Protein chains: 2
Amino acid sequence: MKIERTDDRGTIDRRVARTRALLQDALIALIPERGYASITVEDICQKANIGRSTFYTHYTGKDELRSATLEAHLHSLSRRVSADEKTGNRLFEFSLPMFEHARAFRSLHHALLSSSGDTIHDQLRERIRRAVRTELTPKRIGDTGVPIEFAVQFISGAFLAVLAWWIAEQSRLSPTQIDDFFQKMAAQGVGLLGISSSDIKPARR
Amino acid sequence: MKIERTDDRGTIDRRVARTRALLQDALIALIPERGYASITVEDICQKANIGRSTFYTHYTGKDELRSATLEAHLHSLSRRVSADEKTGNRLFEFSLPMFEHARAFRSLHHALLSSSGDTIHDQLRERIRRAVRTELTPKRIGDTGVPIEFAVQFISGAFLAVLAWWIAEQSRLSPTQIDDFFQKMAAQGVGLLGISSSDIKPARR
DNA sequence: AGCAGTCCCGGACACGGTGTCCAATATGAT
DNA sequence: ATCATATTGGACACCGTGTCCGGGACTGCT
């Protein structure tokens, strides 16, 4: 099923690595230009100077290339996160490294987040959800009746939206600033903004 | 550009209305079965018992049909929201009507939210963002430095994620319950869950 | 340097979906 | 009943996909 193309010792042929890198770069470069949907395999190959038949020996199609690209960078990111000390005394530790990575690979994130194709968003979203869930689960829940999964969806949805916005808007704020805002708002909600709780009234009926 | 097909007095031919309704229903019915991406115009027409050439007299393609479907229901929803009293003393008034509508038209929302094609999510998201923005803008902002637009992205992202999750998960909770959770968490963040603020520490470095 | 194994190329092919056109027919509006 | 307009199905060219193959180029190993 999966194309690995490694030899007995797990090393990868230089040509293979070169080809894949070229294809991934070409896709990332193309997405901002024309939008993911309208890009064809032909386009990618032309940009990458790769034969179309070669493309299909590596990927089954456009979607798999996109997915593999995301996966590759997510992997390098997770190495980066676990390299940092996991203190465990701070909420949402994935946040800052993610923002930093997003800034470092801005064009990549911009390309992937803006083009919300069927699978790609789910792929990223599931990763984020997992991270949030593991951070939230061990915490004690009060008597509010809010299900854990609700909170997980709430926080991860907010995170992704903020990330996409920050990346799209030229990222004028620094990663630490964005992280700071996110942490505070995740912890305190709009109450943080100084909106008095008297604004919050029970719904009609 | 836009196909209107209304007569001088603005009335719509019954045949047109019938055809469009059939096509929209067919699409909604088809999405859960096979996923939006793999559906062809031919499929839709077959399900709707409509000639393929007729399809193209109404819509330029699959995407426009999907977009028009969303727009139509969003329109009926907004009529519903404005019918309710706009008290203005409650945050995020769009929330409850939206949850109620989502439950009433569950299959529709499920179909549209799950298949996050390129444009559809943006379309819905922009609507939500607008609603949040108008509610947040007039409020006073404290000295936290959090930009309004950040808060808008945060809240609308959280809302959409929660909505999609709730719809996908059989909607076991009632609209009022979900709305209640959303309102509380939007107002107070995870602090609501009884997570002590001592868990929130400044980031390393 | 030489060899074997692997990869890349490019051209060809069948296939399926798209979007457009038209003349014939059916159906709603008045 | 008559007219205007919608629908129909079939035909058409076009484009992107996915697959195959033989010739040539490159890599890794000795």
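Treat the numbers as computed from the prediction; the structure is a model and nothing was measured.
The side chain of B:Y56 places an N or O atom within less than 4.0 Å of a non-bridging phosphate oxygen (OP1 or OP2) of C:dG19. Of the side-chain N and O atoms in B:T19, one or more sit less than 4.0 angstrom from OP1 or OP2 of D:dT7. For B:H58, a side-chain nitrogen or oxygen approaches OP1 or OP2 of D:dT7 to under 4.0 Å. Remark: B:S53 is not in phosphate contact with D:dG9, judged by side-chain N or O atoms under 4.0 Å from OP1 or OP2.
The interatomic distance linking A:D13 (CG) with D:dC26 (P) rounds to 13 Å, in whole Å. Atom-to-atom, OH of B:Y59 to P of C:dT18 comes out at 16 Å; the value is rounded to the nearest Å. In this structure, B:I12 places its CD1 atom 12 Å from P of D:dT7, rounding to the nearest Å. Distance, A:R18 CZ to D:dG28 P: 12 Å, rounded to whole Å. Rounded to an integer number of Å, the gap from A:F55 CZ to D:dT19 C1' is 14 Å. For the pair A:L22 CG and C:dC8 C1', the computed distance is 12 Å after rounding to whole Å. Between the CG atom of A:D63 and the C1' atom of D:dG18 there is a distance of 14 Å, given to the nearest Å. As a whole-Å value, the separation of A:L23 CG from C:dC9 C1' is 14 Å.
In the displayed structure, B:R18 atom CZ is contacted under 6.0 Å by at most 12 heavy atoms of other residues, nucleotides or ligands.
In the interface, the side chain of B:R52 is not paired with the base of D:dG9 through any donor and acceptor atom under 3.5 Å apart. Residue-to-nucleotide contacts include no donor-acceptor pair under 3.5 Å from the side chain of B:R15 to the base of D:dT7. On a pure distance criterion of 3.5 Å, no polar donor-acceptor pair joins the side chain of B:T40 and the base of C:dG17.
B:N49 comes within 4.0 angstrom of sugar-phosphate atoms only, judged by non-hydrogen atoms across all strands, and of no base.
For the pair B:K62 and B:R14, both in contact range of DNA chain C, the more 5′-proximal nearest nucleotide belongs to B:K62.
Taking the six-membered ring for Trp and thresholds of 30 and 60 degrees, A:W166 and A:F99 have ring planes more than 60 degrees apart, a perpendicular arrangement. A:F55 and A:Y59 have tilted rings, their planes meeting at an angle from 30° to 60° on a 0 to 90° scale.
For B:D43 and B:T40, the side-chain atoms include at least one donor-acceptor pair closer than 3.5 Å.
Of the candidates A:D179, A:L136, A:I128, A:L136 is the only one forming a side chain to side chain contact (heavy atoms under 4.5 Å, CB included) with A:F92.
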